[in-house]
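Side chains are part of it too, since the values below use all heavy atoms of this structure and drop only hydrogens, waters and symmetry mates.
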Amino acid sequence: MLYYLFRYLDEHYHLPGIGVFQYTTFRAGLAIVISLLIALTFGHRLIRVLQKKQIGESVRDLGLQGQTEKKGTPTMGGLIIILAILVPVLLLARLRNIYIILMLLSTVWLGLIGFLDDYIKVFRKNKEGLSGRFKVLGQVGLGITVGWVLFYSDEITIREYLQPNGLFSTVNATKFYKDVHLMITTVPFMKDNELNYANLFATAGTIFNGLYGFLYIPIVIFLVTAISNGANLTDGLDGLAAGTSAIIGVTLAIFAFVSGNALLADYLDVMFIPDSGELVIFCTAFVGACIGFLWYNSYPAQVFMGDTGSLTLGGIITVLALVVRKELLIPVLCGVFIIENLSVVVQVSWFKYTKRKYGEGRRLLRMSPLHHHYQKLGYHESKIVSRFWIVGIMLAVITLVTLKLR
C-alpha cells in the first residue's frame with residue numbers, strides 16, 4: 001500500500017527522497033525492520049493474552065529432560081509470525097505481483113489450517129487436534145492451487161534472450177528478448193543447468209504434449225505436504241524450527257534477488273525471472289518474523305508457535321523455492337526438515353516390520369523425530385538446537401554454492 005502511495009506522490013508532486021520507495025532493496029530492508037518490531041511488540045502482548053486465557057501446551061510424559069517445565073507454556077504463537085509477515089508485505093510490496101499474491105495466499109491458507117488444529121487442541125481439549133486426513137487435504141489443496149497457477153498462468157514467465165546465431169537463451173542478456181511461459185527449473189551442479197518439464201514427455205510422442213502438468217502438479221503437492229509436515233515435526237525444541245526457517249529464508253532471499261535482477265542473473269549465468277525480485281521483500285519479512293519470534297521462543301521458550309506457525313513456515317519455504325525455480329535444491333536446503341521427517345517414517349516402518357516378523361516392535365532410534373533421539377542420548381536441548389542450526393547453515397552454504405559450482 002505504501003509502495004503505491006509513495007509512487008503516486010513521486011509522480012505527481014516530485015517530493016525529494018520519495019523515489020527511494022521504488023527500490024526493492026530499500027523496501028526489503030524496511031520490511032525486516034517492521035517485521036521485527038511487530039514480532040517483538042505484538043509477541044509480548046499476545047503472550048500475556050494467551051497466559052490470561054490459560055492457552056497453554058499440554059505435554060505428554062515422554063521421559064525427556066526438561067519436559068515437565070514446558071507444561072502450560074502458551075501456544076499458538078505462530079500468529080506472531082503470520083502477522084509479522086503479512087503487515088510489512090501488505091505495506092511495502094507491489095500487491096498486483098503474481099508472486100506476492102501466491103505467497104500471501106500460501107501464508108493465510110496454511111496459517112488457517114494450523115490455527116484450526118491448535119484451536120481444536122486448546123479449546124476443544126482434543127490432544128489429537130485436526131484429523132490428519134483433513135490436514136493433508138488442506139495441504140494437497142494448496143499444492144494443487146500453487147501448481148495450477150505456476151503451470152497455467154501467463155504471468156509466470158522467464159526471459160529468453162536472442163543470441164547472434166538466432167537462437168534464444170535464458171542467460172547472456174542482450175537488448176533483444178521475449179518473456180515466455182516455460183516450465184523450466186534449475187538443476188544443481190550441472191553446467192547446462194536447466195530442465196524443461198515438457199521434455200520429460202518428449203520421447204513419448206506428440207500425443208502427450210501438454211500433459212506434463214499431470215507430473216508437475218503432483219510434484220508440487222508432494223513438496224508442499226512433505227516440507228510443511230517436516231517443519232511441523234522439527235518444531236519440538238525451543239527455537240529449532242524458527243531458527244532453521246530463518247536460515248533457509250535468507251538463502252531464498254538471495255536466490256530471489258539474483259533471479260529478479262537481470263544483471264546479476266546474467267553474471268551468474270542463471271535464468272532471469274521477471275517480477276520475481278519483489279519476493280525479496282516477502283523473504284526479508286519472513287526472516288524478520290522468524291528472528292523476532294525467536295526472542296520469545298529461544299530456550300527457555302515463553303511461547304510455542306504450534307501448528308499455526310510450523311505448517312505455515314514449511315509451506316512458505318516450499319512455495320518460495322518453487323517460484324524461483326529452485327525446487328530441486330529443496331532436498332539440500334531443507335535437509336533438516338527432511339531428515340526429521342524421514343526419521344519418523346523410518347522409525348515407524350521399522351517398528352511395524354519387526355513386529356510383523358519377530359512378534360515385537362524394534363526401534364532404530366531411541367525416539368523420533370531425530371532431535372528427541374539426541375535428547376535421549378543426554379544432550380541438552382540448547383546444544384541440540386545450536387548444532388541443528390549449524391547443519392542448516394552448512395546446507396544453506398552448499399545451496400548457494402550451486403550458483404557458481406557446476
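Put simply, SG on Cys290 and CG on Asn297 are 10.0 Å apart, with the number rounded to the nearest 0.5 Å. For the atom pair CG of Leu237 and CZ of Phe388, the computed distance is 7.5 Å after rounding to the nearest 0.5 Å. In this structure, the separation between CD1 on Ile221 and OG1 on Thr318 is 13.0 Å, given to the nearest 0.5 Å. Here Thr399 contributes atom OG1 and Leu329 contributes atom CG; the two are 5.5 Å apart, rounded to the nearest 0.5 Å. For the atom pair Ile158 CD1 and Leu182 CG, the distance stands at 4.5 Å (nearest 0.5 Å). Rounded to the nearest 0.5 angstrom, Ile398 CD1 and Thr251 OG1 are separated by 11.0 Å.
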Would you tabulate the side-chain donor-acceptor contacts of residues 355-370 under 3.5 Å, counting partners in other chains and residues two or more places apart, or write 'none'?
unit_1	atom_1	unit_2	atom_2	d
Lys357	NZ	Tyr353	OH	3.3
Arg366	NH1	Lys376	O	3.4

Verdict with supporting geometry, Phe293 and Val303, side-chain contact (heavy atoms from CB on, under 4.5 Å): CA-CA 9 Å; Phe293 182 75; Val303 65; 3.8 Å; yes
Applying side-chain contact (heavy atoms from CB on, under 4.5 Å) to Asn232 and Asp307, what does each step give before you reach the verdict? CA-CA 6 Å; Asn232 191 20; Asp307 283 18; 2.9 Å; yes
For the pair Phe286 and Ser35, evaluate side-chain contact (heavy atoms from CB on, under 4.5 Å) and give the outcome as yes or no after the intermediate values. CA-CA 8 Å; Phe286 174 80; Ser35 63; over 6 Å; no
Assess whether side-chain contact (heavy atoms from CB on, under 4.5 Å) is satisfied between Trp148 and Ile217, documenting all intermediate values. CA-CA 7 Å; Trp148 188 272; Ile217 293 177; 4.0 Å; yes
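With hydrogens and angles ignored, the 3.5 Å screen pairs a side-chain donor or acceptor of Ser228 with a backbone N or O of Thr225. Counting only distance, with no hydrogens or angles, the side chain of Glu155 and the backbone of Ile98 share no donor-acceptor pair below 3.5 Å. Asn341 places a side-chain N or O within 3.5 Å of a backbone atom of Ala226 that can act as its donor or acceptor partner. For Asp238 (side chain) and Glu381 (main-chain N/O), no donor-acceptor pair under 3.5 Å exists by modelled atom type. Within the 3.5 Å criterion, the main-chain N or O of Val346 finds no donor-acceptor partner in the side chain of Ser349. At least one donor-acceptor pair under 3.5 Å links the side chain of Asp118 to the backbone N or O of Thr308. Of the possible polar contacts, none joining the Ser298 side chain to the Gly239 backbone as a donor-acceptor pair under 3.5 Å is found. A side-chain donor-acceptor contact under 3.5 Å links Thr354 to the backbone of Phe351. Side chain of His181 to main chain of Phe151: a donor-acceptor pair is present (N/O by atom type, distance under 3.5 Å, no hydrogens or angles). Remark: side-chain polar atoms of Thr312 are paired, donor with acceptor, to backbone N or O of Gly111 under 3.5 angstrom.
Scanning both residues, Pro74 and Leu50, for their nearest heavy atoms gives CB-CB, 3.7 Å. When all heavy atoms of Ala31 and Thr284 are compared, the closest pair comes out as CB-OG1, 3.6 Å. Closest approach of Val224 and Gly143 over heavy atoms only: CG2-CA, 4.2 Å. Pairing each heavy atom of Leu95 with each of Ile101, the nearest pair is O-CG1, 3.4 Å. Across every non-hydrogen atom of Leu311 and Leu110, the tightest pair is O-CD1, 3.4 Å. Scanning all heavy atoms of the two residues, the minimum distance from Ala246 to Ile291 falls at CB-CG1, 4.2 Å.
Proximity of Leu333 to Lys326: side-chain heavy atoms (C-beta onward) are nowhere separated by under 4.5 Å. A 4.5 Å side-chain heavy-atom check between Leu195 and Ile184 finds every atom pair outside the cut-off. Cys283 is listed as a side-chain neighbour of Leu320, based on a closest heavy-atom distance under 4.5 Å. With a 4.5 Å cut-off on side-chain heavy atoms, Leu313 and Met305 count as touching. At a threshold of 4.5 Å between non-hydrogen side-chain atoms, the residues Ile273 and Thr157 do not count as touching. A heavy-atom distance below 4.5 Å is found between the side chains of Leu30 and Phe21. Side-chain atoms of Val332 and Pro188, non-hydrogen and from C-beta on, never get closer than 4.5 Å to each other. Using a 4.5 Å heavy-atom cutoff, the side chains of Phe222 and Ile219 are not in contact.
Taking the ring centre of Tyr267 as origin, the terminal cationic atom of Lys404 falls inside the region bounded by 6.0 Å and 45° from the ring axis.
Applying the salt bridge (charged side-chain N to carboxylate O under 4.0 Å, His left out) rule to Glu340 yields no partners; only residues at least two apart in sequence or on another chain are considered. In this view, Leu83 and Ile38, Phe42, Val87 satisfy the side chain to side chain contact (heavy atoms under 4.5 Å, CB included) rule, not counting sequence neighbours. Legend: residues meeting side chain to side chain contact (heavy atoms under 4.5 Å, CB included) with Leu263, ordered by chain and number and at least two apart, are Asn261. Every residue meeting the side chain to side chain contact (heavy atoms under 4.5 Å, CB included) condition with Ile247, not counting sequence neighbours, appears here in chain and number order: Trp389, Ile393, Ala396. For Val89, the side chain to side chain contact (heavy atoms under 4.5 Å, CB included) partners are Ile85, Ala93, Ile100, Leu104, Phe282, Ala285, not counting sequence neighbours.
Heavy-atom contacts from other residues, nucleotides or ligands closer than 6.0 Å to CZ of Phe134 number 12 or fewer. Within a 6.0 Å sphere centred on NE2 of His44, heavy atoms belonging to other residues, nucleotides or ligands number 12 at most. Within 6.0 Å of atom CZ in Phe189, more than 12 heavy atoms from other residues, nucleotides or ligands are found, so the atom counts as buried in its surroundings.
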